[in-house]
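Working notes for the structure below.
Treat the numbers as computed from the prediction; the structure is a model and nothing was measured. Note on naming: letters A, B, ... go to the chains in the order of the sequence lines (proteins, then strands), and numbering restarts at 1 for each one.
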There are 2 protein chains.
Amino acid sequence: MSRPDVIRVAPLVRRRVRLPKRDAAYSAGDAARSIYAVRAGTLKTHFTSRNGREKVAGFHLPGEIVGLDSLASATHPVSATALEDASLCEIPADALKTRATEFAALHHRLVENFGESSRRDRELATMLVLMSADERIATFLLDYSSRLAARGYAASEFLLRMTRDDIGNYLGLKLETVSRVLTRLANTGFIAVRSRHIAILDRDALQSVSTGTFVPSQSVDGARN
Amino acid sequence: MSRPDVIRVAPLVRRRVRLPKRDAAYSAGDAARSIYAVRAGTLKTHFTSRNGREKVAGFHLPGEIVGLDSLASATHPVSATALEDASLCEIPADALKTRATEFAALHHRLVENFGESSRRDRELATMLVLMSADERIATFLLDYSSRLAARGYAASEFLLRMTRDDIGNYLGLKLETVSRVLTRLANTGFIAVRSRHIAILDRDALQSVSTGTFVPSQSVDGARN
DNA sequence: CGTTCCATTGATTTTACTCAAGTCTAGTGG
DNA sequence: CCACTAGACTTGAGTAAAATCAATGGAACG
């Protein structure tokens with residue numbers, strides 16, 4: 001969870017793509033021909049697990065890159081779907097591959113990006129294993145906020161572009177639990193919730209919830225595992 | 001979870017390292033000078049999460065590579081500790097970096113390796129979110145078995161080199177739960193357990209447990225999330 | 001060969017899930 | 001433009017899976 005994966009690849013961009021809400025930039029299994037920089041809008045990446053259940057892999061804000069994980073294989077391992085009308089820059093994978101070795105700087109950026117995404121995956125796994133529902137939601141909100149801030153958007157008041165169900169799937173919670181936790185955090189005055197509009201009212205408190213230092217209601221522990 | 005990340009890097013190896021049980025090849029935060037191929041023995045990678053809790057990131061069998069995730073940053077993001085006396089091949093990172101752009105094939109292997117590890121991380125996250133304790137343990141045993149088999153070891157009878165606590169931490173379960181599930185799987189006759197010695201007696205059944213098709217005791221669902 | 005770490009098993013509690021009912025919101029068509 | 005509808009969200013009550021607490025047994029290690 002963190003900084004957007006900004007990468008300057010202007011000379012490689014093939015074309016702009018308009019992607020209406022609910023449409024997929026690519027689907028799991030598609031030939032891996034391109035990666036995409038998110039220009040505007042929000043995407044989610046998702047896939048069907050071996051036992052047929054749908055899993056949200058991540059959310060992608062403007063300025064971030066999707067599809068990099070396809071460079072290793074012939075096909076896209078996940079699908080990328082627009083949560084709202086979006087606009088993308090398509091970057092052909094072959095150009096990226098051949099010219100990556102050509103230009104050390106670009107190669108370096110790629111390696112960096114992989115490192116970044118593996119760090120994020122590691123943190124997600126940690127979150128799923130070690131954190132309570134409250135900690136996960138608090139962490140999610142703070143991460144979302146900081147990613148928006150890094151792109152120049154308001155950090156303390158924003159619109160969630162995804163459903164409670166998507167958030168829950170991503171964090172390993174049921175949508176009812178997501179709803180309850182948001183309500184609880186709102187009741188303690190740490191955030192304000194108006195459907196998908198979120199305002200962070202007390203960032204420090206939210207931070208302490210995310211680290212398990214503070215626990216909203218009565219339960220005294222917060223420690224898991 | 002899957003295939004070992006075999007990579008032929010003989011010409012780059014600097015030296016062999018003997019690593020006694022409980023010693024670390026490197027620790028989180030160390031300068032990222034080298035990556036390591038596991039020659040013999042088993043390692044675990046682990047790190048301290050933001051809230052100070054220890055998390056097992058993965059287990060690494062002979063023939064696999066550790067430390068690749070450090071290429072992106074200046075320091076190692078995780079620690080690598082020997083679960084038993086081990087022997088490693090040290091590969092200097094700078095040689096890998098400079099010569100990776102030199103040799104397209106090696107560069108390709110690196111990209112591939114990142115793709116593989118991100119696939120594994122994604123599956124781990126899925127496992128943690130969507131799977132019951134029984135499914136996780138069954139999946140873990142089958143993965144462990146197939147990784148051993150890929151290196152020429154017996155696939156159906158092996159020794160777990162890590163504690164129940166390590167397994168539990170990795171899978172997001174408490175050690176007691178790990179113990180209980182192993183006992184349950186043994187009672188149904190799918191595996192045999194003698195402390196850390198595991199024998200897979202009915203691979204198909206274990207497979208069906210791992211996919212949630214079969215559920216050992218009484219509970220009828222197996223579905224989560 | 002005793003000490004320490006690891007594993008098992010049982011009883012109880014807790015967290016988040018499930019099931020269910022009802023409300024709100026945004027998008028649609030009359 | 002308003003009414004209608006479908007999807008999204010909230011809230012409540014009861015349940016289940018795994019965590020926690022606790023005590024004992026077994027293996028490994030110096």
Side-chain angles (χ1 to χ4, degrees), chain A residues 20-22 44 53 83-85 127-138 159-187 191-198 209 212 215-225, chain B residues 20-22 44 53 56 83-85 127-137 159-187 191-198 209 212 215-225:
Chain A
K21 184 170 176 174
R22 269 182 284 277
K44 71 170 175 183
R53 286 171 271 190
L83 293 170
E84 56 184 325
D85 291 351
M127 180 147 82
L128 297 177
V129 165
L130 300 174
M131 291 186 173
S132 69
D134 288 1
E135 291 171 283
R136 291 183 217 185
I137 296 288
L159 199 54
L160 294 173
R161 311 315 288 229
M162 67 293 293
T163 67
R164 303 285 192 260
D165 199 22
D166 278 340
I167 297 173
N169 187 309
Y170 178 63
L171 296 177
L173 301 169
K174 302 305 296 188
L175 67 97
E176 296 96 326
T177 304
V178 174
S179 178
R180 280 184 236 275
V181 172
L182 287 175
T183 304
R184 205 178 313 162
L185 290 174
N187 286 341
I191 64 174
V193 181
R194 251 188 30 259
S195 78
R196 294 192 183 179
H197 300 263
I198 302 287
V209 172
V215 179
S217 54
Q218 56 276 46
S219 64
V220 187
D221 75 314
R224 290 160 61 95
N225 259 271
Chain B
K21 183 169 177 175
R22 268 183 284 278
K44 70 170 175 183
R53 284 171 274 190
V56 173
L83 292 170
E84 58 184 324
D85 291 351
M127 180 147 84
L128 297 178
V129 165
L130 300 175
M131 290 188 176
S132 69
D134 288 6
E135 291 171 284
R136 292 183 216 184
I137 297 287
L159 198 53
L160 295 173
R161 311 317 286 228
M162 68 292 293
T163 67
R164 303 286 193 260
D165 199 22
D166 278 339
I167 297 172
N169 187 309
Y170 178 64
L171 296 177
L173 301 168
K174 301 307 291 189
L175 67 98
E176 296 96 325
T177 305
V178 174
S179 180
R180 281 185 236 275
V181 172
L182 287 175
T183 304
R184 205 179 311 162
L185 290 173
N187 287 341
I191 63 174
V193 182
R194 254 189 25 260
S195 78
R196 294 192 184 178
H197 300 264
I198 302 287
V209 172
V215 179
S217 55
Q218 54 277 45
S219 65
V220 188
D221 75 312
R224 291 160 63 93
N225 257 268

To the nearest angstrom, how far is [X] atom [atom1] from [N] atom [atom2]?
X: B:M131; N: C:dA16; atom1: CE; atom2: C1'; value: 20 Å
X: A:L128; N: C:dA16; atom1: CG; atom2: P; value: 13 Å
X: B:L173; N: D:dT20; atom1: CG; atom2: C1'; value: 14 Å
X: B:E176; N: C:dA11; atom1: CD; atom2: C1'; value: 13 Å
X: A:R161; N: D:dC9; atom1: CZ; atom2: P; value: 13 Å
X: B:I137; N: C:dA7; atom1: CD1; atom2: P; value: 12 Å
X: A:N169; N: D:dA8; atom1: CG; atom2: P; value: 14 Å
X: B:D165; N: C:dA7; atom1: CG; atom2: P; value: 8 Å

Contact nearer the 5' end of DNA chain D, comparing B:T177 with B:K21:
B:T177
Start at the 5' end of DNA chain D and walk down; is the nucleotide closest to B:R22 or to B:V178 reached first?
B:V178
Under 3.5 Å, side chain of [X] to main-chain N/O of [Y], donor-acceptor pair present?
X: B:D85; Y: B:P20; answer: no
X: A:R53; Y: B:L130; answer: yes
X: A:R136; Y: A:L171; answer: yes
X: B:S179; Y: B:L175; answer: no

Within the pair A:R196 and D:dC9, is there a side-chain N or O less than 4.0 Å away from OP1 or OP2?
yes
Ignoring backbone atoms, establish whether B:T183 has a side-chain N or O less than 4.0 Å from OP1 or OP2 of C:dT9.
yes
When all nucleic acid strands are considered with a 4.0 Å heavy-atom cut-off, which category describes A:T163: base, sugar-phosphate, or nothing?
sugar-phosphate
Could one point to a donor on the side chain of [X] or the base of [N] with an acceptor on the other under 3.5 Å away?
X: B:R164; N: C:dT9; answer: no
X: B:R194; N: D:dG26; answer: no
X: A:R180; N: C:dT18; answer: yes

Contact between B:L173 and B:I137 at the side-chain level, heavy atoms closer than 4.5 Å - yes or no?
yes
Candidates [options] - which lies nearest the side chain of [X]:
X: A:K174; options: C:dA16, C:dT9, C:dT18; value: C:dT18
X: B:S179; options: D:dT20, C:dA7, D:dA18; value: C:dA7
X: B:V193; options: C:dT8, D:dT10, C:dA16; value: C:dT8

